[in-house]
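By convention here, the first residue in the shown sequence is residue 1.
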Amino acid sequence: MKKAYIGIDVGSVSTNVVAIDDQNQLIFHYYVRTNGAPIDSVKKGLEKLKKTLDGKWTVNGAGTTGSGRQIAGLMVGADVVKNEISAHAVATINEVPDVRTIFEIGGQDSKYIRLKDGKVVDFEINKACAAGTGSFIEEQANKLGITLEEFQNLAFTSQTPCKLGERCTVFMENSLIINLHKGARKEDIVAGLCYSIAENYINRVVSGKQIGKRIFFQGGVAFNKAVISSFENFLKAKFDRQLELVIPPHHEVMGAIGVALIVRDFMKNNK
């Protein structure tokens with residue numbers, strides 16, 4: 001029977017469950033809202049996984065990561081429990097071995113990771129300010145009365161984006177409200193938000209740390225093409241060199257993939 005290795009990433013906003021095989025191929029991935037109930041969200045993922053495995057695969061190991069990794073680890077009897085930095089780094093190196101820089105924007109925090117020779121040599125996690133995270137973008141879209149898809153589409157139609165600055169959440173929200181009261185168009189406000197998200201991340205999270213020529217961009221925010229475009233434009237304007245922003249195929253579940261890879265190697269080395 002074929003072997004599967006399970007990776008579970010439990011965050012405050014989303015829970016991700018994946019399974020890989022012995023060749024590191026992704027055979028299952030599932031993304032669900034945590035909604036303050038990590039145990040329930042993990043159960044949902046495992047129920048979906050069971051249907052996919054359908055008796056054709058045997059689970060040969062399980063690992064957990066994310067802010068809820070300890071409780072999820074106890075729940076599933078995890079063989080490995082790892083922090084998010086390690087998990088994201090391993091997943092990235094498996095995808096592109098020579099990559100040097102990781103940008104990751106999740107539901108409620110942002111991460112910067114620098115790699116050298118396949119190892120993490122520097123990192124930063126921004127938890128004090130939620131500006132630019134997935135939950136922040138959803139909140140602003142709700143205030144503007146638009147969906148996330150409309151948020152993205154509107155941003156690309158703007159000719160004169162509002163200048164909202166790179167300040168933290170409360171200040172950025174105030175700037176948004178002020179511009180609305182002044183009669184600014186929604187597309188200009190949304191475009192301004194996208195640019196501010198990029199500016200906030202580069203200046204406050206990266207904050208002068210080294211950036212390689214190729215940047216791996218991970219997390220659910222990478223679904224938003226307008227935000228990605230703003231990052232590309234801001235990086236081009238700020239740095240006098242060509243930088244490549246790479247969005248991996250399964251960018252929203254990279255943490256789960258990383259811990260699945262870690263547990264696969266752990267099980268093989270500890271037979």
Fill in: Aromatic ring proximity Y201/F231, centre distance under 6.0 Å
yes
Worksheet item: Judged by modelled atom types alone, do D9 and T65 share a side-chain donor-acceptor pair under 3.5 Å?
Response: no
Worksheet item: Taking side chain as C-beta onward, heavy atoms only, is L46 less than 4.5 Å from V76?
Response: yes
Discussion item. Measuring only between side-chain heavy atoms, which start at C-beta, is F151 closer than 4.5 Å to N224?
Written reply: yes
Worksheet entry | Evaluation steps, salt bridge (Lys or Arg N to Asp or Glu O under 4.0 Å), between R185 and D188 | CA-CA 5 Å; R185 295 181 300 178; D188 294 335; 3.2 Å; yes
Worksheet item: Mind checking what makes side-chain hydrogen bond (donor to acceptor under 3.5 Å, both in side chains) contact with S230, not counting sequence neighbours?
Response: none
Discussion item. Do I102 and I215 have side chains that approach each other closer than 4.5 Å (heavy atoms only, starting at C-beta)?
Written reply: no
Practice prompt. State whether E84 and R69 are salt-bridged, where the test is any N-O pair (Lys NZ or Arg NE/NH1/NH2 against Asp/Glu carboxylate O) under 4.0 Å.
Written response: yes
Practice prompt. Determine, for K209 against D122, whether the closest basic-nitrogen to carboxylate-oxygen distance falls under 4.0 angstrom.
Written response: yes
Item to complete: Examine Y112 together with F123 and report whether their ring centres are nearer than 6.0 Å.
Response: no
Worksheet item: Do the rings of F223 and H251 sit parallel, tilted or perpendicular, given the 30° and 60° boundaries?
Response: perpendicular
Worksheet entry | Contacts of type side-chain hydrogen bond (donor to acceptor under 3.5 Å, both in side chains), residue K143, not counting sequence neighbours | E173
Fill in: Close side-chain approach of V190 to I146, heavy-atom, < 4.5 Å
yes
Fill in: Side chains of N16 and I8 in contact at under 4.5 Å (non-hydrogen atoms)
no
Worksheet entry | Criterion ring pair (Phe, Tyr, Trp, His ring centres under 6.0 Å) on F103 and F216, from CA distance to verdict | CA-CA 6 Å; F103 290 176; F216 235 51; over 10 Å; no
Discussion item. Do L26 and V18 make a side-chain contact, defined as non-hydrogen atoms from C-beta onward lying under 4.5 Å apart?
Written reply: yes
Worksheet item: When you check the side-chain N and O atoms of S12 and S67, is any donor under 3.5 Å from an acceptor?
Response: no
Worksheet entry | Test item: side-chain donor near acceptor, Q218 and T92, under 3.5 Å | yes
Discussion item. The criterion is ring pair (Phe, Tyr, Trp, His ring centres under 6.0 Å); which residues satisfy it with F28, sequence neighbours excluded?
Written reply: none
Fill in: Within-4.5 Å side-chain heavy-atom neighbours: L243 and K236
no
Discussion item. Pairing donors with acceptors under 3.5 angstrom, does anything connect the side chains of Y5 and D22?
Written reply: yes
